[in-house]
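These notes concern the structure reproduced below.
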Amino acid sequence: MLHVLFRGHVLFRGRIGITIKRRCFPFNTATTITRNCKINPSSAGIFHGTMSLANDKEEELKVEDVVEEDVKKSSQHGILENLHFDNKCMRELPIDPNTKTYVRRVPHAIFSLVKPMPIENPMLVAASKSCLDLIDIPEIEVESKQFVEYFSGNKEIPGSQTAAHCYCGYQFGSFSGQLGDGAAMYVGEVLNSSGERWEVQFKGAGLTPYSRQGDGRKVLRSSVREFLCSEAMHFLGIPTTRAATIITSDSLVVRDIFYSGNPNLEKCTVISRVAPTFFRFGSFEIALGPDPDTGRPGPSDGNYVLVKKLLDFTIENYYGHLWHARDMKEEESLVTCEEKEKQRSVRNVDVQPFEKEMYKAFYEEVCVRTAKLAAMWQCAGFCHGVLNTDNMSIVGLTIDYGPFGFLDRYDPTFICNHSDTSGRYDFQSQPAICEENLMRLADDLSPIVNKTELDPIRKKVYSLEYKREYITRMRQKLGICFSDFAHDHKGNLGVVERKDELLIRDLLACMYETGADFTNAFRLLSLVTMSSHEEYVESLQEYLSPIDELKKAVEPRMPRVTLDQFLENTMYSKSLGIPSSFLDAEKTKHKAYDRVCMMTQEQKDVYDKERWDSWLTQYRARLEEDYKRGKGLEEFQNKESSSTLTEEEYQQNRMMLMNAVNPVFILRNYVAQIAISKAEQGDFSGVKEILERIQRPFTLNEGEKLQKAPAWACKLSVSCSS
C-alpha cells in the first residue's frame with residue numbers, strides 16, 4: 001500500500017490524476033481511496049488530501065519510484081485510453097444511415113460515419129502543449145509510440161466516434177451545393193477536468209463521402225502552415241480553432257501546387273484540430289433549393305426541419321445563454337394545438353414566437369462575433385484568402401487555414417491566394433465579404449425566420465460593431481489611452497471617432513505610398529513622443545521598400561487600356577465575373593505605379609521623409625489631446641491629491657499598451673516556408689522552433705531584431721492545393 005500526500009484532480013471515468021513533482025500520473029479504477037480523501041473517484045474537480053493506493057507489489061514504494069516508473073510507462077496507465085469523450089453531436093444530430101465510404105450525395109443527415117485510413121510510418125512533427133492541455137493530455141504522453149498511432153488515425157482512440165460533417169458553401173460568390181468534410185473528420189467531444197467541451201478533429205486522415213475528386217489527404221507543406229497559424233493566431237489573441245498535433249508519414253500522394261500541369265509526390269500528413277465546434281455558415285445551407293445561377297441544390301433540399309434541428313443544437317450548446325432565456329419564455333408561453341398550427345412556418349417548420357426571438361438574438365450575436373473577428377484580422381494584417389461561406393465559423397472563430405498570409409509591406413489590395421485571380425478575397429475586401437456571408441446566412445435561415453426580420457439586425461449591428469472593434473484596437477496600437485468609443489443612437493460615429501478614423505486611414509495611405517512594413521511600422525510607433533518623432537523616422541528607414549522593390553509590388557495586373565474598357569462597361573466586366581472591387585484595386589495600383597515610376601531612390605527618400613513628417617505631426621497633436629484628457633481624468637479621480645499624470649508617466653503607459661498589442665513576431669510566409677523546406681527534408685526542428693516563438697509574439701528577445709522579409713519572399717505564392 002502506497003500513501004501519498006497529493007494535490008490532483010479527478011479527470012474522467014474513475015481515473016485519478018496525481019500531481020507529483022509537477023507531473024500528472026494516472027492510476028486505474030482499481031485505485032483505492034482512503035476515507036480522508038472524501039471524494040468520489042468518478043466525479044470531476046480539484047481536491048487535496050492523503051491517498052492510499054493498492055499496489056500489486058507487497059513491498060512499500062517510495063514516491064520517487066512512482067515518479068520514475070510513471071515517466072517510463074505513463075501511456076500504459078491509460079491517459080489516452082481514458083479521455084472523457086461525450087459525443088453529443090453523434091447522439092443528438094441525424095447521421096447518414098449509409099456507412100460505406102464512397103463519394104455521394106448525402107441527404108437528410110448532418111454527419112456520415114467514417115474511419116480514418118492508416119498512414120505508413122507515422123512521425124510526430126510537433127505538438128502544441130498549450131492545445132493538448134485543453135483536452136487533458138499531459139506533455140509526457142506525446143513521447144509515446146501509442147500517442148502517434150492514435151493521433152495519426154492509425155489506431156482508434158477509445159471513446160471516439162469518427163464522422164464527417166455535411167455542409168455546403170458559396171465559393172467565390174457562387175453556390176457549389178454539397179461540399180462537406182472532404183479531408184476532415186470529427187473525432188469526438190472531450191469533456192476536460194474543468195468541465196469544458198472541446199471537439200477534436202483530424203484533417204488529412206482519408207476519404208469521406210464528401211471528398212469529391214480528392215483523396216481525403218493533406219500534405220506536409222499545407223499542414224505545417226495550418227498547424228502553426230492556428231497557434232500563432234491564438235497567441236495573438238485572435239479567436240481561432242486550435243491545432244494540437246502534426247504527424248507526417250512515408251505515405252505519398254500526388255499534388256499539383258499551382259494547377260500548372262507539374263504534379264509532385266508529397267507526404268501524407270495529419271493534423272489534429274480542437275475547437276468548441278467546427279460548424280460553419282455552410283452547415284445551414286444544406287436545405288437550399290437549386291441555385292438560380294449554378295442550378296445546384298443542397299443535399300437536403302427543402303428539409304428545413306433538419307436545419308431547425310441543427311440551429312437548436314447550435315444555440316443550446318454554443319450560445320447557452322440564449323437557450324436558457326428561451327426555456328424561461330417557453331414556460332411562460334401557453335400555446336394551444338390550434339394556435340400552433342396557425343404559427344407553422346413554410347415547409348412544415350414549426351416556429352413558436354419565443355423561438356423566433358431566440359433565433360433573431362442568435363443571428364445578432366453571430367453578426368457581432370463576425371464583425372469583431374474581421375476587425376481583428378485587419379488590425380493584425382491577416383488575410384484569410386478563402387472567405388467562402390463554408391470557411392466561416394458559426395461561433396466567430398478563424399477557421400480553415402489554407403492560402404492565408406500576413407502582410408509584409410502594407411498593401412490594401414494584397415491577394416494571398418494564387419487561385420484568387422479576381423482579387424475577391426484581397427485584404428481590404430475582408431470586412432465586406434464577411435458581411436456578404438452574413439447576408440447568405442440570413443437567406444439560409446429565412447424559412448425559419450423571415451429574412452425581412454434578420455436583414456435589419458445585420459444592418460444595425462455589423463458596421464457599428466466592426467468600427468467599434470477596429471477603432472478601439474487601432475487606438476491601442478497607436479497608444480491612444482484615454483478615449484472611449486462613442487456613437488449616437490443611429491450608429492453614427494462621434495466627432496473624435498471620425499477624426500481618429502481619418503488619422504488611421506492616412507497612416508495606412510502613408511504606409512502604402514512609402515512601402516512600409518505593416519507590423520514593424522506599428523511596433524516602432526512607441527518611439528514617438530509628444531515632442532519628437534525623429535527616432536521613429538530613423539528606425540523606420542530599414543523597413544521601407546526601396547524604389548525597385550516598390551515598383552514590382554505596385555505593378556498592375558491589368559493593362560490600362562483593358563482597365564479603362566472595363567470601367568466604361570461595368571455590365572461587361574460583371575458578365576465575365578470581374579468584381580468592381582478588383583477594378584478599383586487596379587485603378588489604385590495604376591496611380592501608385594505611375595507615381596513610383598517617375599521617382600529615383602533619392603527622390604523617394606525625400607518623399608518618404610516629408611510624407612511621414614506630415615502624418616507624424618498630426619499624430620503627435622492627437623497624443624497631446626489624449627494626454628490632456630488623461631491628465632483631466634486623473635485630476636477628477638484624485639481630487640484630494642495634488643499629483644497629476646506627468647508626460648513621462650503618460651509615455652510609459654503608452655509604451656506598455658502599444659508593446660502589448662503590436663507584435664514583433666508574426667507567421668510571415670517566408671518564416672513558414674523556411675520551416676516547411678526543412679521539414680520536407682526530414683528536419684522538424686524549424687517547425688518546433690517557430691511553434692515556441694509564436695507563443696510570445698509581443699516579446700522582443702535580447703539581441704533580436706524586428707522581422708524583415710528577404711527579397712525572395714515576394715516571389716512566394718500559396719494556392720488552395722493541399
Side-chain angles (χ1 to χ4, degrees), residues 232 236 378-383 405-414 416 427 474 477-479 503-529 532-554 592 595-596 599-620 654-655 658-674 693-694 697-716:
L236 284 170
Q378 300 306 107
C379 291
F382 173 79
C383 191
F406 283 91
L407 294 174
D408 291 324
R409 177 188 54 80
Y410 176 73
D411 179 1
T413 67
F414 172 60
C416 57
F427 177 73
M474 278 296 187
K477 290 173 78 66
L478 294 172
L503 183 69
I504 295 162
R505 195 177 299 164
D506 195 35
L507 168 60
L508 297 178
C510 186
M511 287 185 187
Y512 181 61
E513 292 167 20
T514 61
D517 185 281
F518 178 82
T519 302
N520 295 343
F522 274 111
R523 179 70 183 198
L524 291 170
L525 274 176
S526 61
L527 298 174
V528 178
T529 66
S532 172
H533 62 249
E534 281 71 22
E535 186 180 359
Y536 175 79
V537 173
E538 185 179 340
S539 300
L540 186 64
Q541 289 299 317
E542 186 179 351
Y543 305 105
L544 300 179
S545 299
I547 191 70
D548 292 339
E549 185 180 308
L550 191 57
K551 283 179 183 177
K552 292 178 182 177
V554 300
R595 181 181 59 81
V596 171
M599 285 184 176
T600 64
Q601 183 61 55
E602 291 73 19
Q603 289 172 324
K604 181 181 183 298
D605 291 342
V606 172
Y607 176 84
D608 290 353
K609 187 176 187 312
E610 291 176 350
R611 186 68 176 86
W612 278 104
D613 281 343
S614 173
W615 183 82
L616 288 163
T617 300
Q618 298 176 60
Y619 175 50
R620 283 166 48 202
R654 281 187 61 244
M655 289 185 68
M658 295 173 77
N659 290 343
V661 296
N662 290 319
V664 295
F665 191 94
I666 55 173
L667 188 67
R668 300 173 187 252
N669 270 347
Y670 82 88
V671 173
Q673 187 56 47
I674 291 171
R693 185 64 187 89
I694 58 180
F698 305 104
T699 303
L700 190 64
N701 296 328
E702 188 176 349
E704 185 181 29
K705 293 188 68 176
L706 297 180
Q707 291 173 298
K708 185 177 181 181
W712 56 265
C714 64
K715 298 177 183 178
L716 287 174

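The structure displayed is predicted, hence computed values, not measured ones. Quick note: residue numbers are just sequence positions, from 1. Side chains included, hydrogens not; waters and symmetry mates left out as well; all remaining heavy atoms used.
Side-chain atoms of Gln707 and Asp408, non-hydrogen and from C-beta on, never get closer than 4.5 Å to each other. For the pair Ser539/Leu527, a side-chain contact is recorded, criterion being any heavy-atom separation below 4.5 Å from C-beta on. Annotation: side chain of Pro663 is in contact with side chain of Thr519 (closest heavy-atom distance under 4.5 Å). Asn520 places none of its side-chain heavy atoms less than 4.5 Å from the side chain of Glu542. Residues Asn662 and Leu525 fail the side-chain proximity criterion, which asks for heavy atoms closer than 4.5 Å. Using a 4.5 Å heavy-atom cutoff, the side chains of Met511 and Tyr543 are not in contact. In this structure the side chain of Ile504 reaches within 4.5 angstrom of the side chain of Leu478, judged on heavy atoms. Using a 4.5 Å cut-off on side-chain heavy atoms (C-beta onward), Asn701 and Arg693 make contact.
Side-chain N or O atoms of Lys477 include one that pairs as donor or acceptor with a backbone N or O of Cys379 at under 3.5 Å. In this structure, Thr617 contributes its side chain and Asp613 its backbone to a donor-acceptor pair below 3.5 Å. In terms of modelled atom types and a separation under 3.5 Å, the side chain of Gln603 and the main chain of Thr600 share a donor-acceptor contact.
Ionic pairing of Lys609 and Asp605 is not present here: no N-O contact between side-chain nitrogen and carboxylate oxygen is shorter than 4.0 angstrom.
Ring planes of Trp612 and Trp615: perpendicular class, angle over 60° (limits at 30 and 60°).
Scanning both residues, Phe406 and Leu667, for their nearest heavy atoms gives CD1-O, 3.2 Å. Ile547 and Gln601 make their closest contact through N-OE1, 2.8 Å (heavy atoms, listed as atom of the first residue, atom of the second, distance). For the pair Ile666 and Val671, the tightest heavy-atom approach, listed with the atom from each and the gap, is O-CG2, 4.4 Å. Counting all heavy atoms, side chain and backbone alike, Ala516 lies closest to Ala521 at CB-CB, 4.5 Å. In terms of heavy atoms, Ser526 sits closest to Asn659 at OG-OD1, 3.7 Å. Across all their heavy atoms, Phe414 and Gly405 have their closest contact at CE2-O, 3.9 Å.
Annotation: the span from Leu706 atom CG to Phe665 atom CZ amounts to 12.0 Å, rounded to 0.5 Å. Separating the CG atom in Asp608 from the OG1 atom in Thr514 is a distance of 5.0 Å, to the nearest 0.5 Å. With values rounded to the nearest 0.5 angstrom, Leu524 atom CG is found 11.5 Å from Gln541 atom CD. From Asn669, atom CG reaches atom SG of Cys714 across 11.5 Å, with rounding to the nearest 0.5 Å. Interatomic distance, Phe518 CZ to Phe427 CZ, rounded to the nearest 0.5 Å: 5.5 Å. Atom SG of residue Cys510 and atom OH of residue Tyr410 lie 12.0 Å apart, to the nearest 0.5 angstrom.
Within the cation-pi definition used here (under 6.0 Å to the ring centroid, within 45° of the axis), Arg595 qualifies as a partner of Tyr607.
Each of Arg523, Lys708, Arg668 was scored for a side-chain hydrogen bond (donor to acceptor under 3.5 Å, both in side chains) with Asp517, with one residue passing: Arg668.
Legend: residues meeting salt bridge (charged side-chain N to carboxylate O under 4.0 Å, His left out) with Asp411, ordered by chain and number and at least two apart, are Arg409, Lys589. Under the salt bridge (charged side-chain N to carboxylate O under 4.0 Å, His left out) criterion, Arg611 pairs with Asp506, Glu513, sequence neighbours left out.
More than 12 heavy atoms of other residues, nucleotides or ligands sit less than 6.0 Å from atom CD of Glu534.
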